[in-house]
Every structure is written in structure tokens, then in C-alpha cells.
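Here's the structure, in C-alpha cells; my notes come after.
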Amino acid sequence: MLVLLGAPGAGKGTQAEILAPRLNLLHLATGDMFRAAAEQGTPIGLEAKAYMDRGELVPDDVTVRMLLERLTAPDARQGVLLDGFPRTPAQAGVLDAALAERNARVEEAILIDVPPEELVRRLSGRLVCRAEGHIYNEISKPPRVPGICDIDGSELYEREDDKVETIRARLRQQVPDLLEVCDHYRAQGKLRSVDGTRPIDEVTEELVAALTQASGSAR
Ligand code: AMP
């Protein structure tokens, strides 16, 4: 299992979309799971939506239950790229314990590092497709046809929590926890960091290089 860490807007989702097929891993994003559940109107989805709309983290017990259940599905056996989980030290601890029970573990955690002022700029230009959650940016990654997903032709929309007021709340609330999660993996010698301000394809190559280096040093 690999973990992609980063503040909202750092590019976790964008990079995970590229890396997961390349590394033959299942891409699991707890934010996508919550948005899908909210759209379907399930109890977890409705509970999560209230927190998401305020830019707050969904409580650990709800998040952990949802993620651990998803990890039991057969398609998660091939290896997983986690995007947006763990986001608190408690989540990181529960994940370690759950994986240890299955003789598995987080191999590497990679932080996509981007300064806060750049995060606000990116999040306020972000667009997401209705069908599959493919990610665009009005400035750095515009779609070929405005308002339409290049990949599946569905409509692009601005996430409710990408409004400027909510963006600031998300960063204020989530960055301190992110730093603690980084400490968790640093203490295990598993944390690597890449410069997330570079162009998308360069960040991808840096991530691949960091992973190759990691698997080399693990041997
Ligand atoms: P994301 O799409 O990763 O930016 O996540 C959107 C929102 O979903 C976050 O702002 C949180 O409200 C919620 N969320 C996603 N992942 C987690 C998590 N691991 N723990 C708590 N809340 C989460």
C-alpha cells in the first residue's frame, strides 16, 4: 500500500489518477467515496456532507469504518494507492493496525509539498467532472472544450468546498493534522517528499523516482 499525502489542492488526486494505472494499483480516495455517498443520499454520505461543506474533516470513526470496509473488497488485494487517507494521526494508527492483522503494511508515504498561497490559487480554479471525478484547473490544466471532461464528455463543476471561504477553512483545519501524519510516517522512516509546485508530468516523474528509490532501498 502506498499513501499520497498533501494539503487540499496539492495534486494528490491528479497524480493518483496517473500513477494508479501505471503502477497497477487501485486508487482509493476517501473524498471521492464521501462525495459518491452524499450523492446517493446514504447515511454516511449525509453525515459526511455536513462536515465537507464546512471544510472540516469527517470524524475518524466514520471515515475509518468506510475505508476499512472498502479495503476488504477483492479488488483491493492487488495493492492500493491511498489518496486523502490517512488525514489524522489516529487514522494512520488504525490503518497500521488493520494492515498488520493482514500481514500487510504501508510501504511508502509521499508528501506532495505545495506552499499555502499556491494551494488557494489552485483550489479556486479547480473543476471536477460529474461522471468520474476527473480533475481540471482553469489555469494549469484547462479542458479542451470549456465545461466538458476530455475523458468522458461529462459536465465539469466547481466543488461546493472549493469556494474561497471554505478553501481557507479547509487549509486552516487540515494542515496541522497533515503535519502530524507526516511525523507519523517520518518516525517509521517511510516519508518522502516531492516538490508539488512543478508541472504535473514532472511531479509524476519525481513520484515514480521516489518510489523506485524506496523499493531499491527496501531490497
Ligand atoms: P478531498 O476530496 O480529499 O479534498 O476530501 C473532501 C472532504 O472530504 C474533506 O475536506 C473532508 O471533509 C472529507 N474527507 C476526505 N478524506 C477524509 C479523511 N481521511 N478524514 C476525514 N475527512 C475526510
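Every number for a ligand or one of its atoms is a count from 1 in the order of the listing.
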**Prompt:** Would you say L5 and L67 are hydrophobically clustered, going by side-chain heavy atoms of ILVMFWY under 4.5 Å?
**Reply:** yes
**Message:** Less than 6.0 angstrom from the centroid, inside 45 degrees of the normal: does K190 satisfy that with respect to the ring of Y185?
**Reply:** no
**Message:** At less than 4.0 angstrom from any atom of ligand 1, which residues have a non-hydrogen atom? List them by chain and residue number.
**Reply:** T30, G31, F34, R35, M52, E56, L57, V58, T63, G84, F85, R87, Q91, R159, D161, R170, Q174
**Prompt:** Taking the six-membered ring of Y51, is NZ or CZ of R54 closer than 6.0 Å to its centre and within 45° of its axis?
**Reply:** yes
**Fill in**
The reported gap from CD1 in I200 to OG in S140 (rounded to nearest 0.5 angstrom) is 5.5 Å
**Message:** Is the shortest side-chain heavy-atom distance between R102 and T72 below 4.5 Å?
**Reply:** yes
**Asked** CZ/R70 to CZ/F85 distance, rounded to the nearest 0.5 angstrom?
**Response** 14.0 Å
